[in-house]
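Both backbone and side-chain heavy atoms feed into the values below; hydrogens, waters and symmetry mates do not. The chain is numbered in sequence order, starting from 1. Counting starts at 1 for both ligands and their atoms, following the listed order.
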Amino acid sequence: MDRIQLIKKAKQARELSYSPYSKFAVGAVLLCKDGSEFLGANIENASYPLCMCAERNAIFNAMLHGKTKDDFVCLALIANSPTPCSPCGACRQVISELMPKDALIIMANDNGDIKEVSVDQLLPFAFNKDDLK
Ligand code: THU
């Protein structure tokens with residue numbers, strides 16, 4: 001897996017962002033085992049709580065193209081943030097359910113700073129379906 005290429009793809013995805021309110025554009029790409037890649041960008045709304053993050057859009061995009069948890073290898077994201085852009089709490093919860101525990105999350109920013117963690121590290125003690133039993 002070429003991390004730099006993935007970050008470049010996330011940057012391309014960011015071009016698709018609709019973020020007139022925050023003016024904070026985020027791009028993401030989800031890499032699958034077969035090499036396919038699914039893009040995501042944040043899409044905002046005048047009704048602010050309806051904004052959707054880049055990471056969740058990338059995962060939903062992949063799933064709507066027939067991919068499932070076991071296909072997912074790595075999610076890369078980028079924004080023009082001072083430190084590598086970190087997924088929000090809601091995205092962490094969704095990532096934790098829909099991606100394998102050992103999948104890689106690559107966070108990046110425009111300065112070239114990169115941070116990598118596993119899904120497990122991103123949200124320890126996640127609420128999950130077993131809690132519902
Ligand atoms: N956002 C993302 O898309 N991903 C993140 O990891 C952090 C935040 C979006 C949500 C909103 O559209 C804008 O960035 C500002 O919070």
min-distance protein heavy atom vs atom 16 (O) of ligand 1 -> Phe24 CD2, 4.7 Å

Ser22: numbered ligand 1 atoms lying under 4.0 Å from its heavy atoms:
13 (C), 15 (C)

Distance-only donor-acceptor check, side chains Ser81 and Asn109, under 3.5 Å
no

Closer than 4.0 Å to some heavy atom of Ser86 - which atoms of ligand 1 meet that?
6 (O)

Hey, is Arg92 close enough to Glu55 for a salt bridge, meaning N to O under 4.0 Å?
no

Quick one: do Asn61 and Asn57 satisfy side-chain hydrogen bond (donor to acceptor under 3.5 Å, both in side chains)? Show the steps, please.
CA-CA 6 Å; Asn61 183 15; Asn57 274 333; over 6 Å; no

Between ligand 1 and Pro87, can you find any atom pair, the residue atom being a heavy atom, that is separated by under 4.0 Å?
yes

Is any NZ, NE, NH1 or NH2 atom of the basic residue among Arg14 and Asp110 found under 4.0 Å from an Asp or Glu carboxylate oxygen of the other?
yes

So the atoms of ligand 1 within less than 4.0 Å of a heavy atom of Glu55 turn out to be 2 (C), 3 (O), 4 (N), 5 (C), 6 (O)

Would you mind checking if Lys67 and Asp34 are paired as a salt bridge, meaning a charged N to carboxylate O distance below 4.0 Å?
yes

With a 6.0 Å cut-off (strictly less than), is the heavy-atom count around NZ of Lys69, excluding the residue itself, greater than 12?
yes

At what distance, to the nearest 0.5 angstrom, does CZ of Phe38 lie from CG of Asp71?
8.5 Å

Which atoms of ligand 1 have any heavy atom of Cys53 under 4.0 Å away?
1 (N), 2 (C), 3 (O), 4 (N), 10 (C)

Non-hydrogen side-chain atoms of Pro84 and Glu116 separated by less than 4.5 Å:
no

So the atoms of ligand 1 within less than 4.0 Å of a heavy atom of Glu44 turn out to be 11 (C), 12 (O), 13 (C)

Atom 6 (O) of ligand 1 touched by protein (heavy atom, under 4.0 Å)
yes

Where ligand 1 meets Asn42 - atom numbers and elements under 4.0 angstrom, heavy-atom basis:
3 (O), 9 (C), 11 (C), 12 (O), 13 (C), 14 (O)

Look at atom 3 (O) of ligand 1 and say which protein heavy atom is nearest, naming residue and atom and giving the distance to 0.1 Å.
Ala54 N, 2.9 Å

Select one of side chain, backbone, both or neither to describe which atoms of Cys85 lie under 4.0 Å from any atom of ligand 1, heavy atoms only.
side chain

